[in-house]
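All heavy atoms count here, side chains included; hydrogens, waters and symmetry mates do not. Just so you know, residue 1 is the first one in the sequence shown, and it goes up from there.
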Amino acid sequence: MINYTKLPIPILILFTFIFSNSVSGQTASESELISGEVINKTIAADEQHVYAAELKNGMALMGKVVQQGIDVVIDIYKPNGQLLKQIDSSNGTEGDEPFDITVNQSGKYKFVIHSLEKDSKKGVYTLDVEQILSLSENTKRFTKRELPTETLYNLWESSLTNPQVIDTFMANHPEKHIIEPIEGDDKNMLVTYFCVPHGNTEYVMLSGGPDFLGLRFQQLPNTKLHFVTQKVPKDARFNYGFNYFNLDKVGPNGEIETRNVLHAYDGTVEMPNAPKQIYIKERENVAKGTLLSTSFQSKILNEERKITIHTPANYNLKEAHDLLVIFDGEAYGANRRTRIPTPTIMDNLMADKKIPRTITVLVWSMGKRGKDLISENFGDFIATELIPWMRSEYNIHPESDKVILAGSSRGGFAASFIALNHSDVIGNVLSQSGSYWIKGTADENHWIYPEDNGKLINEYMNSERLPIKFYMDVGLYDAGASMLGMNRQFRDILKLKGYEVDYQEFKGGHNYVNWRGTLSDGLISLIGAKAE
(Lines give C-alpha, C1' and ligand atoms only; values in the text may rest on other atoms or scores of the structure.)
Protein backbone atom coordinates (compact mmCIF):
# COMPACT_ATOMS: atom_id res chain seq x y z
CA MET A 1 0.00 0.00 0.00
CA ILE A 2 1.26 3.51 -0.83
CA ASN A 3 1.83 5.82 2.15
CA TYR A 4 0.75 9.14 0.68
CA THR A 5 2.07 11.18 3.70
CA LYS A 6 5.65 10.14 2.92
CA LEU A 7 5.55 11.13 -0.80
CA PRO A 8 7.35 14.35 -1.83
CA ILE A 9 4.92 17.17 -2.63
CA PRO A 10 5.67 17.35 -6.43
CA ILE A 11 5.16 13.58 -6.85
CA LEU A 12 1.99 13.69 -4.77
CA ILE A 13 0.59 16.46 -6.98
CA LEU A 14 1.48 14.54 -10.14
CA PHE A 15 -0.06 11.28 -8.82
CA THR A 16 -3.26 13.08 -7.90
CA PHE A 17 -3.49 14.58 -11.39
CA ILE A 18 -3.08 11.23 -13.11
CA PHE A 19 -5.55 9.46 -10.83
CA SER A 20 -8.16 12.16 -11.29
CA ASN A 21 -8.03 11.68 -15.07
CA SER A 22 -8.36 7.88 -14.91
CA VAL A 23 -11.69 6.02 -15.08
CA SER A 24 -11.62 5.21 -11.39
CA GLY A 25 -11.03 8.83 -10.55
CA GLN A 26 -14.14 10.17 -12.35
CA THR A 27 -16.71 9.03 -9.85
CA ALA A 28 -17.85 12.56 -9.11
CA SER A 29 -18.74 13.23 -12.77
CA GLU A 30 -20.47 9.91 -13.45
CA SER A 31 -24.04 9.89 -14.71
CA GLU A 32 -26.20 6.90 -13.89
CA LEU A 33 -27.72 5.26 -16.98
CA ILE A 34 -31.48 4.72 -16.97
CA SER A 35 -33.37 2.38 -19.30
CA GLY A 36 -35.12 4.34 -22.03
CA GLU A 37 -33.13 7.50 -21.39
CA VAL A 38 -31.87 9.63 -24.32
CA ILE A 39 -28.97 12.01 -23.60
CA ASN A 40 -27.77 14.70 -26.02
CA LYS A 41 -24.35 16.23 -25.34
CA THR A 42 -21.56 18.23 -26.91
CA ILE A 43 -18.07 16.81 -26.51
CA ALA A 44 -14.61 18.13 -27.27
CA ALA A 45 -11.63 16.10 -28.39
CA ASP A 46 -9.97 16.22 -24.96
CA GLU A 47 -13.09 15.38 -22.95
CA GLN A 48 -14.27 12.14 -21.44
CA HIS A 49 -17.91 11.67 -20.50
CA VAL A 50 -18.39 8.94 -17.93
CA TYR A 51 -21.61 7.03 -17.31
CA ALA A 52 -22.27 4.16 -14.94
CA ALA A 53 -24.75 1.34 -14.52
CA GLU A 54 -25.17 -1.05 -11.61
CA LEU A 55 -25.62 -4.48 -13.20
CA LYS A 56 -25.99 -7.97 -11.80
CA ASN A 57 -24.47 -11.07 -13.35
CA GLY A 58 -26.46 -11.98 -16.47
CA MET A 59 -28.06 -8.57 -17.00
CA ALA A 60 -27.71 -6.69 -20.28
CA LEU A 61 -27.47 -3.08 -21.35
CA MET A 62 -28.29 -2.18 -24.95
CA GLY A 63 -28.26 1.06 -26.85
CA LYS A 64 -26.29 3.24 -29.21
CA VAL A 65 -24.31 6.45 -29.45
CA VAL A 66 -25.20 8.55 -32.50
CA GLN A 67 -22.24 10.65 -33.67
CA GLN A 68 -22.68 14.09 -35.22
CA GLY A 69 -19.50 15.82 -36.34
CA ILE A 70 -17.08 13.89 -34.14
CA ASP A 71 -15.80 10.32 -34.13
CA VAL A 72 -16.20 8.89 -30.63
CA VAL A 73 -15.49 5.54 -29.04
CA ILE A 74 -17.06 3.86 -26.04
CA ASP A 75 -14.80 2.22 -23.48
CA ILE A 76 -16.64 -0.15 -21.16
CA TYR A 77 -14.99 -1.06 -17.85
CA LYS A 78 -15.71 -3.90 -15.47
CA PRO A 79 -16.35 -3.24 -11.76
CA ASN A 80 -12.65 -3.94 -11.07
CA GLY A 81 -11.57 -1.22 -13.51
CA GLN A 82 -10.45 -3.66 -16.24
CA LEU A 83 -11.36 -2.71 -19.80
CA LEU A 84 -14.14 -5.03 -20.98
CA LYS A 85 -14.61 -3.75 -24.50
CA GLN A 86 -13.94 -0.77 -26.76
CA ILE A 87 -16.64 -0.01 -29.31
CA ASP A 88 -15.52 1.86 -32.38
CA SER A 89 -17.18 1.25 -35.74
CA SER A 90 -15.76 2.44 -39.06
CA ASN A 91 -18.44 5.04 -39.81
CA GLY A 92 -16.30 8.07 -38.95
CA THR A 93 -17.86 11.25 -37.60
CA GLU A 94 -21.44 10.40 -38.56
CA GLY A 95 -23.52 7.37 -37.69
CA ASP A 96 -24.17 4.93 -34.87
CA GLU A 97 -21.94 3.20 -32.34
CA PRO A 98 -24.26 0.40 -31.11
CA PHE A 99 -23.58 -1.55 -27.95
CA ASP A 100 -25.11 -4.70 -26.49
CA ILE A 101 -23.36 -5.87 -23.34
CA THR A 102 -24.23 -8.91 -21.23
CA VAL A 103 -22.19 -8.95 -18.03
CA ASN A 104 -20.81 -12.00 -16.24
CA GLN A 105 -20.20 -10.43 -12.82
CA SER A 106 -22.15 -8.09 -10.58
CA GLY A 107 -21.12 -4.51 -9.83
CA LYS A 108 -20.83 -1.03 -11.29
CA TYR A 109 -19.89 -0.84 -14.98
CA LYS A 110 -18.54 2.37 -16.45
CA PHE A 111 -19.09 3.65 -19.95
CA VAL A 112 -16.58 6.26 -21.07
CA ILE A 113 -17.32 8.24 -24.24
CA HIS A 114 -14.39 10.06 -25.83
CA SER A 115 -12.61 10.73 -29.10
CA LEU A 116 -9.35 9.13 -30.17
CA GLU A 117 -8.52 12.14 -32.37
CA LYS A 118 -7.10 14.82 -30.10
CA ASP A 119 -7.15 17.54 -32.77
CA SER A 120 -10.80 17.09 -33.82
CA LYS A 121 -13.37 19.81 -33.39
CA LYS A 122 -16.24 19.69 -30.96
CA GLY A 123 -19.17 17.55 -31.92
CA VAL A 124 -22.48 16.31 -30.66
CA TYR A 125 -23.55 12.82 -29.70
CA THR A 126 -26.82 11.26 -28.59
CA LEU A 127 -26.65 8.44 -26.07
CA ASP A 128 -29.74 6.28 -26.39
CA VAL A 129 -30.11 3.74 -23.58
CA GLU A 130 -32.60 1.45 -25.27
CA GLN A 131 -32.94 -1.27 -22.62
CA ILE A 132 -31.48 -2.54 -19.39
CA LEU A 133 -32.61 -6.15 -19.07
CA SER A 134 -32.88 -8.22 -15.94
CA LEU A 135 -31.39 -11.72 -15.84
CA SER A 136 -34.82 -13.23 -16.54
CA GLU A 137 -35.51 -10.90 -19.46
CA ASN A 138 -32.05 -11.40 -20.89
CA THR A 139 -32.34 -15.18 -20.58
CA LYS A 140 -35.53 -15.10 -22.63
CA ARG A 141 -33.92 -12.83 -25.21
CA PHE A 142 -30.92 -15.12 -25.72
CA THR A 143 -33.02 -18.27 -25.69
CA LYS A 144 -35.33 -16.85 -28.34
CA ARG A 145 -32.31 -15.92 -30.42
CA GLU A 146 -30.74 -19.37 -30.10
CA LEU A 147 -33.83 -21.51 -30.65
CA PRO A 148 -34.63 -21.91 -34.35
CA THR A 149 -38.45 -21.84 -34.15
CA GLU A 150 -41.20 -20.04 -32.30
CA THR A 151 -42.66 -23.41 -31.36
CA LEU A 152 -39.50 -24.45 -29.52
CA TYR A 153 -39.26 -21.09 -27.77
CA ASN A 154 -42.88 -21.22 -26.61
CA LEU A 155 -42.34 -24.77 -25.39
CA TRP A 156 -39.26 -23.70 -23.43
CA GLU A 157 -40.99 -20.65 -21.97
CA SER A 158 -43.95 -22.77 -20.88
CA SER A 159 -41.57 -25.22 -19.22
CA LEU A 160 -40.48 -22.46 -16.81
CA THR A 161 -43.86 -22.64 -15.08
CA ASN A 162 -45.33 -25.97 -16.24
CA PRO A 163 -43.16 -29.04 -15.49
CA GLN A 164 -45.55 -31.30 -17.46
CA VAL A 165 -45.41 -29.38 -20.73
CA ILE A 166 -42.77 -31.65 -22.36
CA ASP A 167 -44.72 -34.81 -21.53
CA THR A 168 -47.88 -33.24 -22.94
CA PHE A 169 -46.07 -32.15 -26.10
CA MET A 170 -44.65 -35.64 -26.69
CA ALA A 171 -48.03 -37.28 -26.10
CA ASN A 172 -49.66 -34.97 -28.64
CA HIS A 173 -47.07 -35.71 -31.33
CA PRO A 174 -46.88 -39.46 -32.01
CA GLU A 175 -44.84 -38.63 -35.12
CA LYS A 176 -41.62 -37.22 -33.75
CA HIS A 177 -41.37 -34.29 -36.12
CA ILE A 178 -43.24 -31.14 -37.05
CA ILE A 179 -43.13 -29.18 -40.30
CA GLU A 180 -43.25 -25.38 -40.26
CA PRO A 181 -42.89 -22.65 -42.91
CA ILE A 182 -39.74 -20.58 -43.34
CA GLU A 183 -40.50 -16.89 -43.75
CA GLY A 184 -39.52 -15.67 -47.20
CA ASP A 185 -38.72 -19.16 -48.52
CA ASP A 186 -41.26 -20.65 -50.94
CA LYS A 187 -39.14 -23.71 -51.80
CA ASN A 188 -38.25 -25.12 -48.37
CA MET A 189 -39.78 -25.68 -44.95
CA LEU A 190 -38.24 -26.37 -41.56
CA VAL A 191 -38.62 -29.83 -40.07
CA THR A 192 -38.04 -30.10 -36.31
CA TYR A 193 -37.30 -33.58 -34.93
CA PHE A 194 -37.58 -34.24 -31.20
CA CYS A 195 -37.19 -36.97 -28.61
CA VAL A 196 -36.69 -37.61 -24.90
CA PRO A 197 -33.65 -39.88 -24.73
CA HIS A 198 -32.68 -42.21 -21.91
CA GLY A 199 -30.92 -41.05 -18.80
CA ASN A 200 -27.67 -42.67 -19.91
CA THR A 201 -27.75 -41.12 -23.41
CA GLU A 202 -24.72 -38.96 -24.18
CA TYR A 203 -26.10 -37.62 -27.44
CA VAL A 204 -28.66 -38.32 -30.17
CA MET A 205 -28.09 -38.43 -33.95
CA LEU A 206 -30.60 -38.07 -36.78
CA SER A 207 -30.23 -40.10 -39.96
CA GLY A 208 -32.21 -39.38 -43.11
CA GLY A 209 -33.18 -36.42 -45.22
CA PRO A 210 -30.97 -33.91 -47.01
CA ASP A 211 -28.09 -34.14 -44.53
CA PHE A 212 -26.26 -37.30 -45.60
CA LEU A 213 -23.82 -37.37 -42.67
CA GLY A 214 -26.54 -36.98 -40.06
CA LEU A 215 -27.38 -34.25 -37.56
CA ARG A 216 -26.74 -34.09 -33.84
CA PHE A 217 -29.57 -33.17 -31.48
CA GLN A 218 -29.28 -30.45 -28.86
CA GLN A 219 -31.14 -30.14 -25.57
CA LEU A 220 -33.93 -27.65 -25.07
CA PRO A 221 -32.49 -25.60 -22.16
CA ASN A 222 -33.34 -26.97 -18.72
CA THR A 223 -35.72 -29.63 -20.11
CA LYS A 224 -35.44 -33.31 -21.03
CA LEU A 225 -36.43 -32.65 -24.65
CA HIS A 226 -33.79 -32.95 -27.37
CA PHE A 227 -34.28 -31.55 -30.87
CA VAL A 228 -32.66 -30.81 -34.21
CA THR A 229 -33.95 -28.91 -37.23
CA GLN A 230 -33.47 -29.49 -40.94
CA LYS A 231 -34.32 -27.32 -43.95
CA VAL A 232 -36.20 -29.56 -46.36
CA PRO A 233 -37.56 -28.92 -49.88
CA LYS A 234 -41.34 -28.81 -50.07
CA ASP A 235 -41.43 -31.71 -52.54
CA ALA A 236 -39.37 -34.18 -50.50
CA ARG A 237 -40.38 -37.52 -49.03
CA PHE A 238 -38.04 -39.70 -46.96
CA ASN A 239 -37.59 -41.99 -43.99
CA TYR A 240 -35.58 -40.94 -40.97
CA GLY A 241 -34.39 -42.43 -37.71
CA PHE A 242 -32.95 -41.56 -34.30
CA ASN A 243 -29.92 -43.25 -32.76
CA TYR A 244 -29.15 -42.92 -29.05
CA PHE A 245 -25.45 -43.03 -28.20
CA ASN A 246 -25.47 -44.34 -24.64
CA LEU A 247 -22.82 -44.42 -21.91
CA ASP A 248 -23.01 -46.73 -18.89
CA LYS A 249 -20.64 -46.51 -15.93
CA VAL A 250 -19.86 -49.26 -13.42
CA GLY A 251 -17.80 -49.09 -10.26
CA PRO A 252 -17.86 -46.96 -7.10
CA ASN A 253 -16.56 -43.96 -9.03
CA GLY A 254 -17.65 -44.98 -12.52
CA GLU A 255 -14.28 -46.48 -13.34
CA ILE A 256 -15.66 -48.79 -16.04
CA GLU A 257 -17.32 -47.17 -19.05
CA THR A 258 -19.23 -49.00 -21.77
CA ARG A 259 -20.88 -47.44 -24.79
CA ASN A 260 -23.58 -48.70 -27.13
CA VAL A 261 -25.78 -47.36 -29.90
CA LEU A 262 -29.55 -47.87 -29.74
CA HIS A 263 -31.71 -47.33 -32.80
CA ALA A 264 -34.62 -45.67 -31.06
CA TYR A 265 -37.14 -44.47 -33.64
CA ASP A 266 -38.13 -44.56 -37.32
CA GLY A 267 -40.45 -42.11 -39.03
CA THR A 268 -41.40 -40.69 -42.42
CA VAL A 269 -41.40 -37.07 -43.53
CA GLU A 270 -43.82 -36.33 -46.33
CA MET A 271 -43.67 -32.69 -47.39
CA PRO A 272 -46.78 -30.92 -48.70
CA ASN A 273 -45.66 -30.91 -52.35
CA ALA A 274 -44.18 -34.40 -52.44
CA PRO A 275 -45.09 -36.21 -55.68
CA LYS A 276 -48.55 -37.73 -55.51
CA GLN A 277 -48.65 -41.51 -55.28
CA ILE A 278 -52.10 -41.98 -56.77
CA TYR A 279 -51.83 -45.67 -57.65
CA ILE A 280 -50.78 -47.21 -54.33
CA LYS A 281 -54.20 -47.39 -52.64
CA GLU A 282 -57.01 -49.76 -53.47
CA ARG A 283 -60.05 -48.21 -55.15
CA GLU A 284 -63.57 -49.44 -54.60
CA ASN A 285 -64.53 -49.07 -58.25
CA VAL A 286 -61.51 -50.96 -59.63
CA ALA A 287 -61.74 -54.68 -60.22
CA LYS A 288 -58.94 -56.56 -58.53
CA GLY A 289 -56.73 -59.06 -60.25
CA THR A 290 -55.91 -62.50 -58.93
CA LEU A 291 -52.91 -63.38 -56.78
CA LEU A 292 -51.48 -66.90 -56.96
CA SER A 293 -48.67 -67.91 -54.62
CA THR A 294 -46.80 -70.90 -55.90
CA SER A 295 -43.27 -72.17 -56.43
CA PHE A 296 -41.04 -73.03 -59.36
CA GLN A 297 -38.55 -75.85 -59.45
CA SER A 298 -35.32 -74.51 -60.90
CA LYS A 299 -32.71 -76.84 -62.31
CA ILE A 300 -30.18 -74.02 -62.61
CA LEU A 301 -30.55 -72.96 -58.96
CA ASN A 302 -31.18 -76.52 -57.81
CA GLU A 303 -34.01 -75.32 -55.59
CA GLU A 304 -37.70 -74.59 -55.39
CA ARG A 305 -38.17 -70.83 -55.67
CA LYS A 306 -41.29 -69.14 -54.32
CA ILE A 307 -43.12 -66.84 -56.71
CA THR A 308 -46.40 -64.92 -56.62
CA ILE A 309 -48.26 -64.28 -59.86
CA HIS A 310 -50.72 -61.46 -60.40
CA THR A 311 -53.09 -61.73 -63.33
CA PRO A 312 -55.31 -58.78 -64.34
CA ALA A 313 -58.99 -58.73 -63.50
CA ASN A 314 -61.00 -60.68 -66.05
CA TYR A 315 -57.90 -62.37 -67.38
CA ASN A 316 -58.48 -63.64 -70.92
CA LEU A 317 -56.31 -66.55 -72.01
CA LYS A 318 -56.90 -65.61 -75.65
CA GLU A 319 -55.40 -62.14 -75.18
CA ALA A 320 -51.62 -61.64 -75.24
CA HIS A 321 -50.20 -59.78 -72.24
CA ASP A 322 -47.04 -57.94 -71.32
CA LEU A 323 -44.93 -59.52 -68.57
CA LEU A 324 -43.48 -57.76 -65.51
CA VAL A 325 -40.92 -59.62 -63.39
CA ILE A 326 -40.00 -58.03 -60.06
CA PHE A 327 -37.39 -59.09 -57.51
CA ASP A 328 -37.86 -59.02 -53.72
CA GLY A 329 -41.40 -60.30 -54.11
CA GLU A 330 -41.98 -60.36 -50.34
CA ALA A 331 -41.52 -56.56 -50.27
CA TYR A 332 -43.32 -55.89 -53.55
CA GLY A 333 -46.79 -57.10 -52.63
CA ALA A 334 -46.74 -60.86 -52.56
CA ASN A 335 -49.51 -60.77 -49.94
CA ARG A 336 -51.00 -57.31 -50.73
CA ARG A 337 -49.81 -56.00 -47.34
CA THR A 338 -46.13 -55.42 -48.01
CA ARG A 339 -44.13 -52.26 -48.56
CA ILE A 340 -44.95 -51.78 -52.24
CA PRO A 341 -48.48 -52.86 -53.16
CA THR A 342 -47.61 -53.93 -56.69
CA PRO A 343 -50.88 -55.82 -57.33
CA THR A 344 -52.89 -52.73 -56.35
CA ILE A 345 -50.67 -50.51 -58.49
CA MET A 346 -51.14 -52.82 -61.48
CA ASP A 347 -54.92 -52.97 -60.98
CA ASN A 348 -55.16 -49.17 -60.91
CA LEU A 349 -52.81 -48.57 -63.85
CA MET A 350 -54.71 -51.00 -66.05
CA ALA A 351 -58.06 -49.64 -64.94
CA ASP A 352 -56.91 -46.13 -65.93
CA LYS A 353 -55.52 -47.57 -69.20
CA LYS A 354 -52.08 -46.19 -68.39
CA ILE A 355 -50.43 -49.47 -69.35
CA PRO A 356 -51.55 -52.47 -71.43
CA ARG A 357 -52.84 -55.59 -69.72
CA THR A 358 -49.85 -57.07 -67.94
CA ILE A 359 -49.12 -60.19 -65.93
CA THR A 360 -46.77 -59.75 -62.98
CA VAL A 361 -44.54 -62.35 -61.36
CA LEU A 362 -43.03 -61.47 -57.97
CA VAL A 363 -39.87 -63.48 -57.34
CA TRP A 364 -39.26 -64.09 -53.65
CA SER A 365 -35.80 -63.46 -52.20
CA MET A 366 -36.01 -66.23 -49.62
CA GLY A 367 -33.11 -64.64 -47.72
CA LYS A 368 -30.70 -64.99 -50.65
CA ARG A 369 -30.91 -61.60 -52.35
CA GLY A 370 -27.34 -60.58 -51.52
CA LYS A 371 -25.98 -63.55 -53.48
CA ASP A 372 -28.70 -64.06 -56.11
CA LEU A 373 -28.99 -60.52 -57.42
CA ILE A 374 -25.38 -60.39 -58.56
CA SER A 375 -25.27 -64.00 -59.81
CA GLU A 376 -25.14 -65.08 -63.45
CA ASN A 377 -26.86 -68.33 -62.48
CA PHE A 378 -29.78 -66.39 -61.04
CA GLY A 379 -29.96 -64.35 -64.24
CA ASP A 380 -30.02 -67.53 -66.29
CA PHE A 381 -32.82 -68.85 -64.07
CA ILE A 382 -34.92 -65.74 -64.78
CA ALA A 383 -34.28 -65.59 -68.52
CA THR A 384 -34.09 -69.25 -69.53
CA GLU A 385 -36.40 -70.94 -67.02
CA LEU A 386 -38.89 -68.61 -65.36
CA ILE A 387 -39.87 -66.40 -68.31
CA PRO A 388 -40.26 -69.34 -70.76
CA TRP A 389 -42.34 -71.14 -68.14
CA MET A 390 -44.57 -68.09 -67.71
CA ARG A 391 -45.09 -67.99 -71.46
CA SER A 392 -46.08 -71.66 -71.42
CA GLU A 393 -48.62 -71.12 -68.65
CA TYR A 394 -50.03 -67.72 -69.67
CA ASN A 395 -50.66 -65.84 -72.87
CA ILE A 396 -47.68 -63.49 -73.03
CA HIS A 397 -46.31 -61.65 -76.05
CA PRO A 398 -43.26 -63.40 -77.50
CA GLU A 399 -41.31 -60.18 -78.15
CA SER A 400 -38.61 -59.06 -75.72
CA ASP A 401 -39.91 -55.48 -75.71
CA LYS A 402 -43.04 -56.76 -73.95
CA VAL A 403 -41.01 -57.98 -70.96
CA ILE A 404 -40.01 -55.67 -68.08
CA LEU A 405 -37.49 -56.65 -65.44
CA ALA A 406 -37.75 -54.50 -62.31
CA GLY A 407 -36.11 -54.10 -58.93
CA SER A 408 -34.74 -51.72 -56.35
CA SER A 409 -31.22 -51.36 -54.99
CA ARG A 410 -29.50 -54.68 -55.83
CA GLY A 411 -32.67 -55.51 -57.72
CA GLY A 412 -32.05 -52.56 -60.05
CA PHE A 413 -28.52 -53.83 -60.61
CA ALA A 414 -29.85 -57.34 -61.27
CA ALA A 415 -32.41 -56.13 -63.81
CA SER A 416 -29.70 -54.30 -65.78
CA PHE A 417 -27.23 -57.18 -65.42
CA ILE A 418 -29.65 -59.87 -66.58
CA ALA A 419 -30.91 -57.74 -69.48
CA LEU A 420 -27.31 -57.22 -70.63
CA ASN A 421 -26.79 -60.99 -70.84
CA HIS A 422 -30.30 -61.83 -72.11
CA SER A 423 -31.46 -58.91 -74.24
CA ASP A 424 -33.13 -61.39 -76.61
CA VAL A 425 -35.61 -62.14 -73.78
CA ILE A 426 -35.78 -58.90 -71.79
CA GLY A 427 -36.25 -55.56 -73.52
CA ASN A 428 -37.10 -53.24 -70.60
CA VAL A 429 -35.29 -52.44 -67.36
CA LEU A 430 -36.99 -50.64 -64.49
CA SER A 431 -34.32 -49.70 -61.96
CA GLN A 432 -35.15 -48.04 -58.65
CA SER A 433 -32.01 -46.74 -56.92
CA GLY A 434 -29.90 -49.40 -58.60
CA SER A 435 -26.71 -50.45 -56.84
CA TYR A 436 -24.39 -49.77 -59.76
CA TRP A 437 -21.38 -49.49 -57.44
CA ILE A 438 -21.21 -53.29 -57.20
CA LYS A 439 -18.10 -54.92 -58.67
CA GLY A 440 -18.86 -58.46 -57.51
CA THR A 441 -15.20 -59.13 -56.75
CA ALA A 442 -13.23 -59.95 -53.61
CA ASP A 443 -12.13 -56.32 -53.31
CA GLU A 444 -15.70 -55.01 -53.46
CA ASN A 445 -16.31 -51.25 -53.51
CA HIS A 446 -17.23 -49.55 -50.26
CA TRP A 447 -21.01 -49.13 -50.36
CA ILE A 448 -20.73 -45.38 -49.70
CA TYR A 449 -17.32 -44.42 -51.07
CA PRO A 450 -16.53 -46.57 -54.13
CA GLU A 451 -12.96 -46.52 -55.41
CA ASP A 452 -13.73 -48.05 -58.80
CA ASN A 453 -16.49 -48.18 -61.37
CA GLY A 454 -19.16 -50.78 -60.77
CA LYS A 455 -18.96 -53.78 -63.09
CA LEU A 456 -22.07 -52.89 -65.11
CA ILE A 457 -20.80 -49.40 -65.93
CA ASN A 458 -17.71 -50.94 -67.50
CA GLU A 459 -19.58 -53.80 -69.19
CA TYR A 460 -22.16 -51.55 -70.83
CA MET A 461 -19.40 -49.12 -71.80
CA ASN A 462 -17.46 -51.90 -73.54
CA SER A 463 -20.38 -53.66 -75.24
CA GLU A 464 -22.41 -52.91 -78.32
CA ARG A 465 -25.74 -51.16 -77.94
CA LEU A 466 -28.48 -53.72 -77.21
CA PRO A 467 -32.27 -53.49 -77.75
CA ILE A 468 -33.02 -52.50 -74.15
CA LYS A 469 -35.08 -49.55 -72.92
CA PHE A 470 -34.34 -48.12 -69.47
CA TYR A 471 -36.25 -46.33 -66.76
CA MET A 472 -34.02 -45.30 -63.83
CA ASP A 473 -34.67 -43.29 -60.71
CA VAL A 474 -32.67 -42.54 -57.58
CA GLY A 475 -32.93 -40.32 -54.53
CA LEU A 476 -30.90 -37.15 -54.08
CA TYR A 477 -30.34 -38.19 -50.46
CA ASP A 478 -29.10 -41.68 -51.36
CA ALA A 479 -25.57 -42.59 -50.20
CA GLY A 480 -23.55 -40.05 -52.13
CA ALA A 481 -21.04 -41.32 -54.69
CA SER A 482 -22.05 -44.97 -54.58
CA MET A 483 -25.74 -44.53 -55.31
CA LEU A 484 -26.50 -41.09 -56.74
CA GLY A 485 -23.10 -40.74 -58.37
CA MET A 486 -23.00 -44.19 -59.92
CA ASN A 487 -26.59 -43.91 -61.18
CA ARG A 488 -25.72 -40.66 -62.94
CA GLN A 489 -22.61 -42.23 -64.39
CA PHE A 490 -24.50 -45.30 -65.61
CA ARG A 491 -27.16 -43.02 -67.16
CA ASP A 492 -24.50 -41.05 -69.01
CA ILE A 493 -22.83 -44.19 -70.36
CA LEU A 494 -26.17 -45.53 -71.57
CA LYS A 495 -27.03 -42.30 -73.33
CA LEU A 496 -23.60 -42.08 -74.95
CA LYS A 497 -24.11 -45.62 -76.25
CA GLY A 498 -27.46 -44.59 -77.75
CA TYR A 499 -29.85 -46.28 -75.32
CA GLU A 500 -33.29 -44.84 -74.66
CA VAL A 501 -33.18 -43.80 -70.99
CA ASP A 502 -35.80 -42.10 -68.86
CA TYR A 503 -33.84 -40.96 -65.80
CA GLN A 504 -35.47 -39.32 -62.77
CA GLU A 505 -34.28 -38.07 -59.38
CA PHE A 506 -36.52 -37.59 -56.37
CA LYS A 507 -35.89 -35.77 -53.10
CA GLY A 508 -35.68 -38.81 -50.91
CA GLY A 509 -33.42 -41.64 -49.80
CA HIS A 510 -32.93 -45.35 -50.32
CA ASN A 511 -36.31 -46.65 -49.26
CA TYR A 512 -39.66 -48.06 -50.25
CA VAL A 513 -41.57 -44.92 -49.32
CA ASN A 514 -40.37 -43.45 -52.62
CA TRP A 515 -40.16 -46.61 -54.71
CA ARG A 516 -43.83 -47.41 -54.11
CA GLY A 517 -44.66 -44.23 -56.02
CA THR A 518 -42.06 -44.36 -58.76
CA LEU A 519 -42.88 -47.94 -59.77
CA SER A 520 -45.92 -46.67 -61.67
CA ASP A 521 -43.82 -43.88 -63.21
CA GLY A 522 -41.40 -46.47 -64.57
CA LEU A 523 -44.09 -48.72 -65.97
CA ILE A 524 -45.84 -45.84 -67.72
CA SER A 525 -42.51 -44.68 -69.14
CA LEU A 526 -41.55 -48.12 -70.47
CA ILE A 527 -44.82 -49.53 -71.75
CA GLY A 528 -47.40 -46.79 -71.28
CA ALA A 529 -47.29 -45.58 -74.86
CA LYS A 530 -48.66 -48.96 -75.92
CA ALA A 531 -51.68 -48.77 -73.59
CA GLU A 532 -55.02 -49.35 -75.18
Side-chain angles (χ1 to χ4, degrees), residues 187-188 208-210 212 232-239 268-280 324 326-328 331-332 339-342 345-346 348-349 352 354-355 358 401 404-417 419 427-437 454 456-457 460 468-531:
K187 294 183 179 180
N188 304 286
F212 173 65
V232 176
K234 287 186 176 180
D235 56 348
R237 178 189 284 112
F238 55 87
N239 291 338
T268 301
V269 168
E270 189 162 348
M271 301 299 284
N273 296 341
K276 303 298 182 185
Q277 298 179 331
I278 62 175
Y279 297 107
I280 66 173
L324 169 63
I326 305 183
F327 306 120
D328 296 314
Y332 273 80
R339 294 174 176 180
I340 297 183
T342 303
I345 292 169
M346 298 303 290
N348 291 333
L349 284 171
D352 288 355
K354 294 294 182 179
I355 62 172
T358 302
D401 65 352
I404 311 103
L405 202 52
S408 55
S409 193
R410 282 180 178 251
F413 171 92
S416 305
F417 180 46
N428 297 280
V429 169
L430 196 162
S431 171
Q432 299 180 290
S433 304
S435 296
Y436 296 114
W437 54 271
L456 277 186
I457 291 175
Y460 270 90
I468 308 170
K469 185 177 177 181
F470 287 84
Y471 170 87
M472 301 170 58
D473 62 42
V474 66
L476 283 172
Y477 314 150
D478 192 350
S482 66
M483 296 304 304
L484 180 59
M486 288 288 187
N487 270 266
R488 288 176 175 177
Q489 188 176 358
F490 187 48
R491 169 204 62 191
D492 293 345
I493 293 297
L494 290 175
K495 287 189 173 183
L496 285 171
K497 299 290 288 189
Y499 286 93
E500 184 178 346
V501 184
D502 182 356
Y503 176 86
Q504 303 295 328
E505 293 179 354
F506 51 82
K507 294 185 179 71
H510 197 79
N511 47 60
Y512 293 100
V513 72
N514 295 294
W515 301 332
R516 70 188 183 190
T518 63
L519 178 62
S520 57
D521 297 337
L523 290 169
I524 292 171
S525 172
L526 292 170
I527 61 174
K530 303 178 183 64

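- With sequence neighbours left out, the side-chain contact (heavy atoms from CB on, under 4.5 Å) criterion links Asp235 to Pro233, Asn273, Lys507.
- Residues passing the side-chain hydrogen bond (donor to acceptor under 3.5 Å, both in side chains) test with Asp328, sequence neighbours excluded: Ser365, Arg369.
- A pairwise comparison of heavy atoms in Phe417 and Leu456 identifies N-CD1, 3.6 Å as the closest pair.
- The two residues Val429 and Leu526 have their closest heavy-atom pair at O-CD1, 3.6 Å.
- Applying the side-chain contact (heavy atoms from CB on, under 4.5 Å) test to Ala479 and every residue at least two apart in sequence or in another chain returns Phe212, Trp447, Ser482, Met483.
- How far CD of Gln504 is from CZ of Arg491: 10.5 Å, rounded to the nearest 0.5 Å.
- Taking NZ from Lys469 and CG from Asp401, the interatomic distance works out to 9.0 Å, rounded to the nearest 0.5 Å.
- Separating the CD atom in Glu505 from the CE atom in Met472 is a distance of 9.5 Å, to the nearest 0.5 Å.
- With hydrogens and angles ignored, the 3.5 Å screen pairs a side-chain donor or acceptor of Tyr460 with a backbone N or O of Ser416.
- At least one donor-acceptor pair under 3.5 Å links the side chain of Asn514 to the backbone N or O of Arg237.
- We find the OG-CE distance between Ser435 and Met486 to be 11.0 Å, quoted to the nearest 0.5 Å.
- When all heavy atoms of Gly509 and Phe238 are compared, the pair lying nearest together is N-CB, 4.2 Å.
- Minimum interatomic distance between Leu430 and Leu519 (heavy atoms only, all atoms of both residues): CD1-O, 3.8 Å.
- From Asp473, atom CG reaches atom OG of Ser431 across 7.5 Å, with rounding to the nearest 0.5 Å.
- The two residues Met271 and Val269 have their closest heavy-atom pair at SD-CG1, 3.6 Å.
- The aromatic rings of Tyr436 and Phe413 sit tilted, their planes meeting at an angle between 30° and 60°.
- Shown here for Ile345 and Ser520, the closest heavy-atom pair between the two residues is CG2-CB, 4.1 Å.
- With rounding to the nearest 0.5 Å, the separation of OH in Tyr512 from OG in Ser433 is 10.5 Å.
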